[in-house]
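All values derive from a computational prediction rather than experimental measurement. Within every chain, numbering begins at 1; the chains are lettered A, B, ... in the order of the sequence lines, protein sequences first and strands thereafter.
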2 protein chains.
Amino acid sequence: MQVGMFALSNRDDIIMSTALNTKERIVELGRGHMQRIGYHSFNYKQIALELNIKNASIHHYYPSKEDLGMAVIEKDRHDFLDFIQRTKKAAPMDKLDALICAYQEYFKGGQKLCVISTFSASFNELTERMQLAVRQYSEIVSSWLAAVLKEGLDSGDLHFSISIEEMTNHWMATLPGALLVGRSRGKEYFDMALQSLKKAIQSS
Amino acid sequence: MQVGMFALSNRDDIIMSTALNTKERIVELGRGHMQRIGYHSFNYKQIALELNIKNASIHHYYPSKEDLGMAVIEKDRHDFLDFIQRTKKAAPMDKLDALICAYQEYFKGGQKLCVISTFSASFNELTERMQLAVRQYSEIVSSWLAAVLKEGLDSGDLHFSISIEEMTNHWMATLPGALLVGRSRGKEYFDMALQSLKKAIQSS
DNA sequence: TATTACCTACCTGTATGTAGGTAGGTTGTT
DNA sequence: AACAACCTACCTACATACAGGTAGGTAATA
């Protein structure tokens, strides 16, 4: 069962009751914590307590924090690729709705940031290897977004006058921006930012 | 001389050569570091080295890290209020240009985030006192933005069809979002996001 | 003389990470 | 079937480092 960004459920209690093994649980819990408090602030102790194992045991699965960070990025990228597959046959608008829905789940589940913006927030402190992984994951998301926008524009499902590249970039900036704003200004403003994204592809 | 977000210069070498006293320098340097690497990752040692004083001496001015964090928020808010005063008589579009210019300086000066998003990124780890300060500062910025947008709409300098509140929120989310995206995707995409903000108030 | 602006030296907590061990299961060999 | 060799999934205990913070002192200045 998937539990992260583009997965079927975000509830931690569901994670714990399924057949996930320890290694998988560590990534899942780690991802959640990182999204809530940031990569740097996150620490092994929290996970160790939740899984009822010792701090050192986490090193058995992920020798260094960087390894765990990389695993989180890879897992999330993998989940996103799954998301692409699952929504393959949906209409463009439904795909974008599903994306927005994922972001709403983040906010509900403890004012999380998405994984990309979580690591972007700590970008200047990441190793080159991690920065590269974030960059590559970022490109996957934007490529998909651009393709969906083009599909919708061509089919007449979506309407906007600026270029596809510009609209892609607009979404790429506003989605994480909305999560950030939601933290300080509240859900109301988070929702409004997402609504304006939908409006931008339905008129003008 | 002001050196932060809405100040006249962002260059650290200028900070050091002016008549700023140690206490002021600590906030300035602290703000820069926090914007580059985040509040939690930031530490006293970096500043102590740069100012050629000992770690403990920083506690003389700011007894706790929270005090320094608060001072950074207050300083930035103060600089923003100054910015409002300085641009009071400018045309709406020029005010917004000046705001965008400030964000471009952030990006140039080490891929900084703005202070509000810096602390929003660590929001769930801040004390209530700090969260409140961020929230209040955030409201000042959005109120100003809304007023400028209204002014421009009424005078005919700006053109957009969505509500002022929506446009304000759009800017509030996209400005920090652009900085975040710029880190992983590069300056090109950062600039594009800012350009699209300007387009949004000139047409439609 | 009081205050400011530092300093040295140290304490405490905590985070990542390592060394080495063990219980129990699996696999391969005779 | 018996046994050796090895693996998995943890454990205890410790090493290291570095962070924030404190106590108490000193030298210069107002």
Side-chain angles (χ1 to χ4, degrees), chain A residues 15-16 18-73 118-119 121-122 124-130, chain B residues 15-16 18-73 118-119 121-122 124-131 133:
Chain A
I15 304 175
M16 306 309 295
T18 52
L20 285 182
N21 62 31
T22 303
K23 188 169 185 177
E24 289 164 337
R25 285 183 187 182
I26 291 171
V27 194
E28 290 297 348
L29 291 171
R31 170 164 61 180
H33 283 300
M34 291 177 197
Q35 289 179 269
R36 272 182 285 265
I37 62 172
Y39 173 67
H40 189 93
S41 297
F42 155 79
N43 65 64
Y44 284 29
K45 205 174 183 177
Q46 301 164 315
I47 287 185
L49 281 168
E50 287 168 307
L51 291 182
N52 232 324
I53 58 175
K54 297 296 157 183
N55 195 316
S57 302
I58 298 173
H59 288 281
H60 171 66
Y61 298 102
Y62 301 100
S64 75
K65 190 174 179 178
E66 188 188 349
D67 292 324
L68 179 50
M70 284 294 293
V72 164
I73 297 168
T118 291
F119 285 91
S122 307
N124 298 332
E125 285 233 299
L126 302 180
T127 60
E128 275 203 25
R129 193 165 136 251
M130 296 182 80
Chain B
I15 302 176
M16 306 308 294
T18 53
L20 285 182
N21 62 30
T22 304
K23 187 168 186 178
E24 289 165 338
R25 285 183 186 182
I26 291 170
V27 195
E28 289 298 347
L29 291 171
R31 169 163 62 180
H33 284 301
M34 291 178 197
Q35 288 179 270
R36 274 183 284 263
I37 64 173
Y39 173 66
H40 189 92
S41 297
F42 155 80
N43 66 64
Y44 284 28
K45 206 173 181 177
Q46 302 165 315
I47 287 185
L49 281 168
E50 287 168 307
L51 291 182
N52 232 322
I53 58 175
K54 299 295 158 183
N55 193 314
S57 303
I58 298 173
H59 288 280
H60 171 65
Y61 299 102
Y62 301 99
S64 75
K65 189 174 179 177
E66 188 189 349
D67 293 324
L68 179 50
M70 284 295 292
V72 164
I73 297 168
T118 291
F119 285 92
S122 307
N124 298 331
E125 286 233 298
L126 302 181
T127 60
E128 275 203 26
R129 194 165 136 252
M130 295 182 80
Q131 290 188 344

From NZ (K23(A)) to CD1 (I58(A)), nearest 0.5 Å
13.5 Å
Could you measure the distance from the CG atom of N43(B) to the CD1 atom of I37(B)? Nearest 0.5 Å is fine.
6.5 Å
Specify the separation, in whole Å, of atom CD of E24(B) and atom P of dT4(C).
16 Å
Treating primed atoms plus P, OP1 and OP2 as sugar-phosphate and everything else as base, which nucleotides of nucleotides 15-24 of chain D get B, S or - for protein heavy atoms under 4.0 Å?
----SSBB--
Taking the side chain as everything from C-beta on, heavy atoms only, tell me whether E125(A) gets closer than 4.5 Å to Y39(A).
no
Between E28(B) and R25(B), is the closest basic N to carboxylate O distance under 4.0 Å?
no
Starting at atom CD1 of I47(B), determine the distance to atom P of dA5(C), rounded to an integer number of angstrom.
17 Å
Quick one: CG on D67(B) to NE2 on H59(B), what's the gap to the nearest 0.5 Å?
10.0 Å
Using only heavy-atom distances, determine whether the side chains of S122(B) and H40(B) contain a donor-acceptor pair under 3.5 Å.
no
Interatomic distance, Y39(A) OH vs dA15(C) P [rounded to whole Å]
15 Å
N/O contacts under 3.5 Å, protein versus nucleotides 8-10 of chain D?
residue, atom, partner, partner atom, Å
dC10(D), OP2, T22(A), OG1, 2.8
dC10(D), OP2, Y61(A), OH, 2.8

How many angstroms lie between OG in S57(A) and CD1 in I47(A), if you round to the nearest 0.5 Å?
12.5 Å
Check whether Y44(A) forms a cation-pi arrangement with K54(A) (NZ or CZ under 6.0 Å from the six-membered ring centre, at most 45° off the ring normal).
no
